[in-house]
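The structure displayed is predicted, hence computed values, not measured ones.
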Amino acid sequence: MSSEALVEIRDVNFAYDKRAILKGINMTFPKGKLIAVMGLSGCGKTTILRHIGGVLKPTKGYVKVDGQVIHDLDQEGLYRMRRKMGMLFQFGALFTDMTVFDNVAFQMREHTDLPEEIIRDLVMMKLHAVGLYGTQDLMPAELSGGMARRIALARTIALDPMLIMYDEPFAGLDPISLTVVGELIRRLNDALGATSIVVTHDVQESLKIVDYVYFVSDGAIIAEGSADEIRNSGESFVRQFVHGEMDGPIPFHYPGGNFNKDLGVRV
Amino acid sequence: MAIVSSLRSIGSRVINAVWRIGYASRFFMMTLLYSGLSFRRFRLTVREIFFSGVMSLIIILVAGMFVGMVLGLQGYETLKRYGSESALGSLVALSLVRELGPVLAALLFASRAGSAMTAEIGLMKATEQISAMEMMAVNPIARVVAPRFWAGVISMPLLAAMFSAMGVFGGYVVGVVLIGVDEGSFWSQMQGAVDFRHDVLNGVIKSFVFGVAVTVISLFEGYDAPPTAEGVSGATTRTVVQSSLAILMLDFMLTAFMFGE
Amino acid sequence: MERTTLDLWVGMFVVGGLAALVILAFKVGNLSTYNVSQSYQLQANFSNIGGLKAQASIKSAGVLVGRVTGISLDTKQYEARVVMSIDSRYQFPKDTIGKILTSGLLGEQYIGLDPGGDTVMLKGGDEIKQTQSAVVLEDMIGKFLYNKAEGGK
């Protein structure tokens, strides 16, 4: 990977109380690329996003965004940085008390002094970009899961961010919406010239669209590479994950002791 | 061993409670600190006045009317024994303006608007709307919490005044229209007994204090609720219980302070 | 920014609340008879004020002319010192008598002012020299019983 890095994560360790979540993570996210961070639920993927967003502070190491160490910024600096970021939350996190229009317009109204007519035009452009022009007067509760995710995507890119983060963008979507959202993520990344980070456990969908993959397990990176490298990886955990095998390094059984002994069966 | 463990659990509860009080105080200070937006963009606050104030209007007016009517009826029965039915007006008005208006309006407000605020903020947190706002570089305390706080603080005295006025009207309907107490003495005794500064203004101050207490408790419980269904429902219950207790305790303190010698 | 029905509702709510406050002030309360602007202070010593309280009314010929603003104990003579605020529309002669009276048998106590015939009027800060204390029911009953006992001997 040649081009300049937008986000750099170096030797990051993080622990909740005394439970270690991240153990020496090193990642580089070059400008303009679409990169996936994969792993099982609870392996620390979302924690990585939160570090990039400046919500959490690493116990060791640093996270640099656009050349600045994010956790050294004061509140104002952090907020200025976040205006250049967009984040799509797991289930969209649309504001349920506002219409679709107001949701997409939210950041424009909060952060700019644009007149209402221009905001209107911008919102319509964003809605058109995700293919949902015409839904502006609906409430989030009236949208299907896939539509809500796309509206949330429109809201995320409202201010044309340089960095877009996706937290499980494929969770709970039907196969058609899945393809649509995946395709949108790729297209928006290229159209906006942004850098995108997709945190997901949906292997097949994300391998179709991403440039590079980091594989995280138990707070550490165990594999990385392009989509093809990951598909053909020899690493047993990655194989189990990519091909969805039932048994492998991640056992089917919870380590719950000797089941036979519990039943009193002698084998 | 049982003693040690129960002592330990009491101790941890006490520490936890103190911790929460500290957190709640900091939350309150942050709300005040980030209140600028609520007034710069007053529309945000107006919207919340609609949801907490206007939506509580019906219950407040109906309850006020009935409380006044009951006061008229009971007061008449009692005063008749001493032959001083003409004091009915002052009895109804004083009890409403000093105590029942602010207290009952605040209790109704806590269960109608306070619980709704808690549930709304709790759900916004559970569905990551609060986190989303923070990631969009918008301070949720300034954008979500403070407008609701000021809406509650503005609505509460108005609601209490309407409750009292409605109650006096209810007392008038029962006492004068139905029972037949002399209308002139009803109003004149009332005006003789109710002092504007001592009674009416103190009632307004009370309801203002209750408004602060109820909204801070409601908003804090919502903001602090665990992001699950049980978490939000538990927080809603706690809002009603804690607000009611806070209202009654504050009422005692304020009454002792204002009307005590 | 355009007007919406929501604004109308909130406007009606605020107007209704303020109207209720005005009703409480003028119709229920005494603000209509209140003259906050002009008043002057008088003082008086009573040997016993009974149950008189701050904010009690001061009446002359049954008309409300002011309010009690302060009560304290004068430790020189061990008498109650009462400060009164009197509406400046009303002037009283120097030899006015202040009495503590009770409205009805068990009603609340107030100060009645009986004007004398002096041509010099009381000014702010002056003292009412002649006063009559409250009638304390227990004292009266005590006296009555004592007299009975005396008479029966």
**Message:** Quick check against the 3.5 Å criterion: does B/Gln129 have a side-chain atom that pairs as donor or acceptor with the backbone of A/Thr96?
**Reply:**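 Present.
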**Item:** Short side-chain to backbone donor-acceptor contact, A/Arg83 and B/Ala137, under 3.5 Å
**Value:**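 Side chain of A/Arg83 to backbone of B/Ala137: no pair is present.
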Surrounding [atom1] of [X] (heavy atoms of other residues, nucleotides or ligands, distance under 6.0 Å), is the total greater than 12?
| X | atom1 | answer |
| --- | --- | --- |
| A/Phe95 | CZ | yes |
| B/Phe66 | CZ | no |
| B/Arg143 | CZ | yes |
| B/Arg20 | CZ | yes |
| B/Ile3 | CD1 | no |
| B/Phe169 | CZ | no |
| A/Arg120 | CZ | no |

**Message:** Quick one, A/Met85 with B/Met136, criterion side chain to side chain contact (heavy atoms under 4.5 Å, CB included). Give me CA distance, side-chain angles, the key distance, then yes/no.
**Reply:** CA-CA 8 Å; A/Met85 298 180 184; B/Met136 292 181 206; over 6 Å; no
Does the side chain of [Y] come within less than 4.5 Å of [X]'s, by heavy atoms?
| X | Y | result |
| --- | --- | --- |
| B/Val138 | A/Phe106 | yes |
| A/Gln107 | B/Met133 | no |
| A/Val55 | B/Met135 | yes |
| B/Glu134 | A/Arg82 | yes |

Give, as side chain, backbone, both or neither, the part of [X] having an atom under 4.5 angstrom from any heavy atom of chain B.
| X | result |
| --- | --- |
| A/Leu78 | neither |
| A/Arg155 | side chain |
| A/Gln90 | both |
| A/Met165 | side chain |

**Message:** Checking an interface table here. Which of residues 226-252 of chain B come within a heavy-atom distance under 4.5 Å of chain A?
**Reply:**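 Checking residues 226-252 of chain B against chain A gives no residue, so none.
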**Asked** Roughly how far, to the nearest 0.5 Å, is OG of B/Ser131 from CE of A/Met87?
**Response**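 Between A/Met87 CE and B/Ser131 OG, I get 8.0 Å after rounding to 0.5 Å.
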**Message:** Return the CG to OH distance between B/Asn139 and A/Tyr79, rounded to the nearest 0.5 Å.
**Reply:**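 With rounding to 0.5 Å, CG (B/Asn139) is 4.0 Å from OH (A/Tyr79).
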**Item:** Contact summary for A/Phe91 and B/Glu128, nearest pair of heavy atoms
**Value:**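 Looking at all heavy atoms of both residues, the shortest contact is N-OE1, 4.5 Å.
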